[in-house]
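We're numbering straight along the sequence, starting at 1. This is a predicted model, so every value here is computed, not measured.
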Amino acid sequence: MRSNRGYQPRVEKKDAHRINSLIRGVQEVRLVGENIEPGVFKLSEALRLADQFELDLVEISPNAEPPVCKIMDYKKFVYEQKKRDKILKAKSTQVVVKEIRFGPQTDEHDYEFKRKNAEKFLKEGAKLKAFVFFKGRSIIYKDQGQILLLRLATDLEEFGKVEAMPVLEGKRMIMFIAPKKKK
């Protein structure tokens, strides 16, 4: 017996709308569109009109009674819709969250190095998640962890504002800093 592993059945891509001869199961359609008198037409008459204008008959609202169809250039419509979606996607911004990890007894040099990185992240417009990780019994130094995070918040005051004060979650004390809006 042969194995079907890795076999992907071919799925044909369907259009979002039914067009021309794919509109079935109805005798009449409500027709709308440019240069057309809106009204209810027989499906064959609507298809003939679309053919006369050398355009497509596109079913817009299949659940209406009778279904609403529009005479238009379908390929152009799909192209413009994709273009519009692309522009909307480009305008939407993605929030990037960068993490910086400290230990409860982070020395001065390490702190300065991580502070500079945090400053760079905030200047780039990324959110910052700073946390102190407590290993084993170092949880007894949670006050030092809180002091460290609050010091970081005051050092980064001009680049970002604290979104959430330090909170202990399990073995981590977490604080969020959001970048300041550029003027």
Side-chain angles (χ1 to χ4, degrees), residues 6-101 114-131 152-153 155-165 167 169 172 174-183:
Y7 170 72
Q8 293 287 321
R10 239 171 85 192
V11 178
E12 288 193 30
K13 191 177 161 201
K14 277 181 59 178
D15 289 324
H17 303 91
R18 293 193 305 184
I19 61 172
N20 300 330
S21 63
L22 296 177
I23 301 171
R24 294 191 194 109
V26 291
Q27 270 74 43
E28 293 182 330
V29 293
R30 182 171 304 280
L31 202 56
V32 295
E34 296 169 19
N35 306 325
I36 291 156
E37 186 70 35
V40 177
F41 290 85
K42 289 197 180 307
L43 180 60
S44 58
E45 177 67 18
L47 285 167
R48 190 189 60 71
L49 277 171
D51 196 40
Q52 181 182 332
F53 288 116
E54 295 180 3
L55 295 170
D56 299 305
L57 182 67
V58 181
E59 189 177 49
I60 293 177
S61 181
N63 299 331
E65 198 50 52
V68 179
C69 293
K70 186 173 184 178
I71 292 180
M72 67 171 119
D73 185 351
Y74 188 65
K75 298 280 187 217
K76 184 177 177 184
F77 169 73
V78 170
Y79 169 76
E80 286 173 353
Q81 200 169 23
K82 283 181 183 176
K83 196 169 152 183
R84 213 174 18 252
D85 291 347
K86 190 176 178 181
I87 290 169
L88 285 175
K89 189 177 177 184
K91 283 184 182 176
S92 70
T93 55
Q94 297 248 313
V95 177
V96 178
V97 179
K98 298 282 190 170
E99 291 187 356
I100 292 190
R101 175 183 167 171
K114 291 179 181 188
R115 183 192 60 77
K116 284 180 184 171
N117 277 335
E119 191 177 305
K120 184 180 85 176
F121 296 150
L122 289 171
K123 283 180 181 174
E124 290 171 358
K127 266 188 182 180
L128 183 69
K129 177 181 177 182
F131 64 93
L152 180 70
D155 288 350
L156 297 174
E157 226 172 340
E158 63 182 272
F159 305 106
K161 72 179 193 24
V162 176
E163 227 175 39
M165 292 304 280
V167 177
E169 292 179 5
R172 289 177 159 195
I174 302 170
M175 177 179 72
F176 285 96
I177 302 175
K180 283 193 175 174
K181 300 278 187 248
K182 294 172 184 164
K183 293 176 184 167

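The minimum heavy-atom distance between I71 and A46, with the atom names listed, is CD1-O, 4.2 Å. In this structure, D73 and D56 approach most closely via the heavy-atom pair C-OD2, 4.2 Å. Closest approach of A153 to I177, counting heavy atoms only: CA-CD1, 4.3 Å. The shortest non-hydrogen separation linking A126 to K98 is CB-CG, 3.8 Å. Of all heavy-atom pairs spanning M72 and L55, the tightest one is O-CB, 3.6 Å. Considering every non-hydrogen atom in both E59 and C69, the closest pair reads CA-SG, 3.9 Å.
If you take CG on D51 and OG on S44, they are separated by 12.5 Å, rounding to the nearest 0.5 Å. Atoms CD and CG, on E119 and L152 in that order, are 10.5 Å from each other to the nearest 0.5 Å. Within the model, atoms CG of L31 and CG of L57 stand 6.5 Å from one another, a figure rounded to the nearest 0.5 Å. Taken from CD1 in I100 to NZ in K116, the straight-line distance is 13.0 Å, to the nearest 0.5 Å.
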Determine, step by step, whether L156 and L122 satisfy the side chain to side chain contact (heavy atoms under 4.5 Å, CB included) criterion, reporting the C-alpha distance in whole Å, the side-chain angles of both residues, the deciding distance to 0.1 Å, and the verdict. CA-CA 9 Å; L156 297 174; L122 289 171; 4.0 Å; yes
Could you walk me through whether E28 and F41 pass side chain to side chain contact (heavy atoms under 4.5 Å, CB included), step by step? CA-CA 6 Å; E28 293 182 330; F41 290 85; over 6 Å; no
How far apart are the C-alpha atoms of Q27 and L43, what are their side-chain angles, what is the distance that settles it, and do they pass the side chain to side chain contact (heavy atoms under 4.5 Å, CB included) test? CA-CA 6 Å; Q27 270 74 43; L43 180 60; over 6 Å; no
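Cation-pi geometry between R101 and F131 is not met: the NZ or CZ atom fails to fall both under 6.0 Å from the ring centre and inside 45° of the normal. For the pair K129 and F176, the cation does not sit on the ring face, since its NZ or CZ is not both under 6.0 Å from the ring centre and inside 45° of the axis.
By the 4.0 Å N-to-carboxylate-O rule, K127 lies close enough to E163 to be salt-bridged with it. Residues R48 and E45 are paired through a salt bridge, judged by an N-O separation under 4.0 Å between the basic side chain and the carboxylate. Between R84 and E80 there is no salt bridge, since none of the side-chain N atoms of the basic residue sits less than 4.0 Å from a carboxylate O of the acidic one.
When side chains are defined from C-beta on, M175 counts as touching V162, because their heavy atoms get closer than 4.5 Å.
Within 6.0 Å of the CD atom in Q52, the count of heavy atoms belonging to other residues, nucleotides or ligands exceeds 12.
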